[in-house]
Amino acid sequence: KNPLLLIDAFTQLRQQNDNVRLLLVGNGILENKIKERISQLPMAIATSITLLPVQDQRQMKLLYRVANVFVLPSKSETWGLSINEALASGTAVIVSDKCGSSKDLVKNEVNGLVFKSGDIKDLVQKMQKMCNDEFREKLARKSKNSLKNYTYHSFKTALDQVFAKNEN
């Protein structure tokens, strides 16, 4: 998921904008490295970062809704279902170009932003852009709409079409 890149990008963003916060949710093999990285930051930045353990789906829905932006900086992600969840909650997203959903679901500058994976400068730039309330809210308004082609019904219809073509 590349949380260390996100922390480093947030650190740069926070140095320019003291009105931002970062919430990291989940546990994993990088937990100790994450805590160590945060402990090395200046106090004003470190106290702007909150760590939460893994949350159940009910809690995640709430977290998506209260977030201004959801960031998935993965180095490799087949799809990134959390992007669907964030968009369904009306939250604008920033996603790396290594997430499968960045090719189909996330429309750059329509319902979210796509950055080049591993490129901290690009990520910081996209995060800065999301600090503009008007821009971010425009993306958030379009986020739920962007899922209309990713429903069970649309998936079934697409499969029916594929099977119909193969039967002929």
Side-chain angles (χ1 to χ4, degrees), residues 1-13 20 22-30 33-34 52 54-57 59-168:
K1 306 287 185 216
N2 212 357
L4 298 174
L5 176 74
L6 181 56
I7 291 168
D8 293 344
F10 175 78
T11 299
Q12 290 182 29
L13 179 69
V20 293
L22 177 63
L23 173 63
L24 295 170
V25 180
N27 304 89
I29 59 172
L30 294 176
K33 287 183 181 182
I34 290 168
L52 289 179
V54 171
Q55 303 291 302
D56 65 30
Q57 281 304 100
Q59 284 301 109
M60 284 307 299
K61 286 179 188 178
L62 176 63
L63 293 173
Y64 288 128
R65 287 189 184 116
V66 300
N68 289 324
V69 179
F70 176 78
V71 182
L72 186 61
S74 294
K75 295 177 188 176
S76 173
E77 192 83 37
T78 303
W79 180 259
L81 188 57
S82 55
I83 296 299
N84 293 62
E85 295 168 350
L87 292 171
S89 298
T91 305
V93 300
I94 300 174
V95 57
S96 84
D97 61 356
K98 295 295 184 186
C99 295
S101 60
S102 73
K103 312 295 186 269
D104 299 310
L105 180 59
V106 179
K107 303 298 182 207
N108 201 38
E109 301 218 10
V110 174
N111 62 348
L113 296 173
V114 178
F115 77 98
K116 184 173 176 11
S117 180
D119 186 337
I120 190 167
K121 183 178 177 183
D122 193 24
L123 178 54
V124 171
Q125 207 171 33
K126 300 299 193 280
M127 292 168 74
Q128 286 171 330
K129 203 166 194 175
M130 285 292 195
C131 288
N132 177 304
D133 293 339
E134 188 178 318
F135 176 77
R136 185 184 65 251
E137 289 166 9
K138 179 186 88 168
L139 299 186
R141 281 191 300 274
K142 295 187 179 199
S143 63
K144 283 186 181 181
N145 247 4
S146 61
L147 294 172
K148 67 183 175 197
N149 294 325
Y150 295 88
T151 64
Y152 172 77
H153 179 70
S154 64
F155 179 70
K156 182 185 177 307
T157 301
L159 281 179
D160 289 345
Q161 290 171 356
V162 168
F163 290 136
K165 286 180 183 176
N166 286 333
E167 289 175 355
N168 293 332

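Values below: all heavy atoms of this structure, side chains included; hydrogens, waters and symmetry mates excluded.
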**Fill in**
Residues N2 and P73: closest non-hydrogen pair is CB-O, 3.2 Å
**Request:** Please answer whether the main-chain N or O of G112 pairs with a side-chain N or O of K142 as donor and acceptor at a distance below 3.5 Å.
**Result:** no
**Request:** Would you mind reporting whether V66 and L23 have side-chain heavy atoms less than 4.5 Å apart?
**Result:** no
**Prompt:** Any idea which heavy atoms bring S101 and V95 closest together, and the distance?
**Reply:** OG-CG2, 4.4 Å
**Message:** Under the rule for side chain to side chain donor-acceptor pair (under 3.5 Å), what residues qualify as partners of S82, not counting sequence neighbours?
**Reply:** none
**Request:** Start with the C-alpha gap between L63 and L52, add the side-chain angles, then the distance that decides, and say whether side chain to side chain contact (heavy atoms under 4.5 Å, CB included) holds.
**Result:** CA-CA 11 Å; L63 293 173; L52 289 179; 4.1 Å; yes
**Message:** Restricting to non-hydrogen atoms, name the atom on L139 and the atom on V110 that form the minimum distance, rounded to 0.1 Å.
**Reply:** CD2-O, 3.0 Å
**Message:** Under the salt bridge (charged side-chain N to carboxylate O under 4.0 Å, His left out) definition, can you give me all pairs with a residue in residues 115-124, not counting sequence neighbours?
**Reply:** D122-K126
**Asked** Could you give the distance from CD1 (I94) to CG (L72), rounded to the nearest 0.5 Å?
**Response** 11.0 Å
**Fill in**
Taking every heavy atom of I120 against every heavy atom of A9, the minimum-distance pair comes out as CD1-N, 3.6 Å
**Message:** Please determine whether side chain to side chain contact (heavy atoms under 4.5 Å, CB included) holds for the pair L13 and C131, giving the CA-CA distance in whole Å, both sets of side-chain angles, and the decisive distance to 0.1 Å.
**Reply:** CA-CA 10 Å; L13 179 69; C131 288; 4.0 Å; yes
**Asked** When you measure from the side chain of S89 to the backbone N and O of T91, does any donor-acceptor pair fall under 3.5 Å?
**Response** no
**Fill in**
Interatomic distance, CD@Q128 vs CZ@F135, rounded to 0.5 Å, equals 12.5 Å
**Item:** CD1-CD distance between I7 and Q12, expressed to the nearest 0.5 angstrom
**Value:** 13.0 Å
**Message:** How close do A92 and R136 get, counting heavy atoms only, and between which atoms?
**Reply:** CB-O, 4.0 Å
**Message:** As an exercise, state the distance from CD1 of I83 to OG of S102, rounded to the nearest 0.5 Å.
**Reply:** 9.0 Å
**Request:** State whether the side chain of D104 and the backbone N or O of W79 hold a donor-acceptor pair below 3.5 Å, judged by distance alone.
**Result:** no
**Item:** From CG (N108) to CG (L113), nearest 0.5 Å
**Value:** 5.5 Å
**Message:** For the CG atom of N68 and the CD atom of E137, what is their distance to the nearest 0.5 Å?
**Reply:** 8.0 Å
**For the student: nearest non-hydrogen atoms of D56 and Q59, plus distance** = OD1-N, 2.8 Å
**Message:** Does any part of the side chain of V69, heavy atoms only, come nearer than 4.5 Å to the side chain of V93, both counted from C-beta?
**Reply:** no
**Request:** Can you tell me which residue pairs pass the salt bridge (charged side-chain N to carboxylate O under 4.0 Å, His left out) test with a partner in residues 67-84, sequence neighbours excluded?
**Result:** K1-E77
